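Report on one structure; see the data block that follows.
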Amino acid sequence: PGGPRPPRHYLKRARRLRSVFVLIESSLGVTADDHAFMDALDELQRPFHVIMTKADLLPPAELAASNVLVRADASRHESYTGGDVPMCSSR
């Protein structure tokens, strides 16, 4: 009762929440846990964007390949907003 509430509870009740940002580690790509979270966003009809993290840890060719795979994986979800996938550094 007094502890933290699960994110799903928050996402369901946050009426003013317009969008969610899903952070994907560049070297891992979209994991099973990420897909489960995106599935929950689909169920809740919460639009989401994707941001790739730790982009500086991959060589450019691997980063480009990871970006293509992440976009393809995210695109399978109806709540994914599409568009550019920003990348950020681990530093």
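In this text, all values refer to a predicted model and were calculated from it rather than measured experimentally. Counting begins at 1 with the first residue of the sequence.
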### Query
Looking only at heavy atoms, what is the nearest atom pair of T81 and P47, with distance?
CG2-CB, 3.8 Å
### Non-hydrogen atoms of M87 and A55 that approach each other most closely
CB-CB, 3.7 Å
### Summary
Note: with side-chain heavy atoms under 4.5 Å as the link, the other cluster members for L23 come out as F21, I51
### Message
Looking at R71, is its backbone amide N or carbonyl O close enough to the side chain of S75 to form a donor-acceptor pair, meaning the two atoms are under 3.5 Å apart?
### Response
yes
### Task
Mind listing the closest non-hydrogen atom pair of R46 and K12 along with its distance?
NH2-O, 3.8 Å
#### Entry: Within-4.5 Å side-chain heavy-atom neighbours: H35 and H77
yes
### Message
Can you confirm whether S26 sits close enough to M52 that some side-chain heavy atom of one is under 4.5 Å from a side-chain heavy atom of the other?
### Response
yes
### Query
Closest approach of V50 and V85, non-hydrogen atoms and distance?
O-CG1, 3.6 Å
### Message
Does any part of the side chain of D56, heavy atoms only, come nearer than 4.5 Å to the side chain of S90, both counted from C-beta?
### Response
yes
### Query
Would you call V22 and I24 a side-chain contact if the rule is heavy atoms closer than 4.5 Å?
yes
### Query
Less than 4.5 Å apart, any side-chain heavy atom of L17 and any of L11?
yes
### Task
Report yes if some heavy atom in the side chain of M38 is under 4.5 Å from a heavy atom in the side chain of Y80; otherwise report no.
no
### Query
Rounded to the nearest 0.5 Å, how far does OG of S79 lie from CG of L41?
6.5 Å
### Query
Is R76 paired with D39 through a side-chain N to carboxylate O contact shorter than 4.0 Å?
no
### Summary
Closest non-hydrogen atoms of G29 and D34, given as atom of the first, atom of the second and distance, are O-OD2, 3.6 Å
### Query
Is the shortest heavy-atom distance from the side chain of L57 to the side chain of L63 under 4.5 Å?
no
### Query
Quick one: are H49 and V20 in side-chain contact, heavy atoms under 4.5 Å?
no
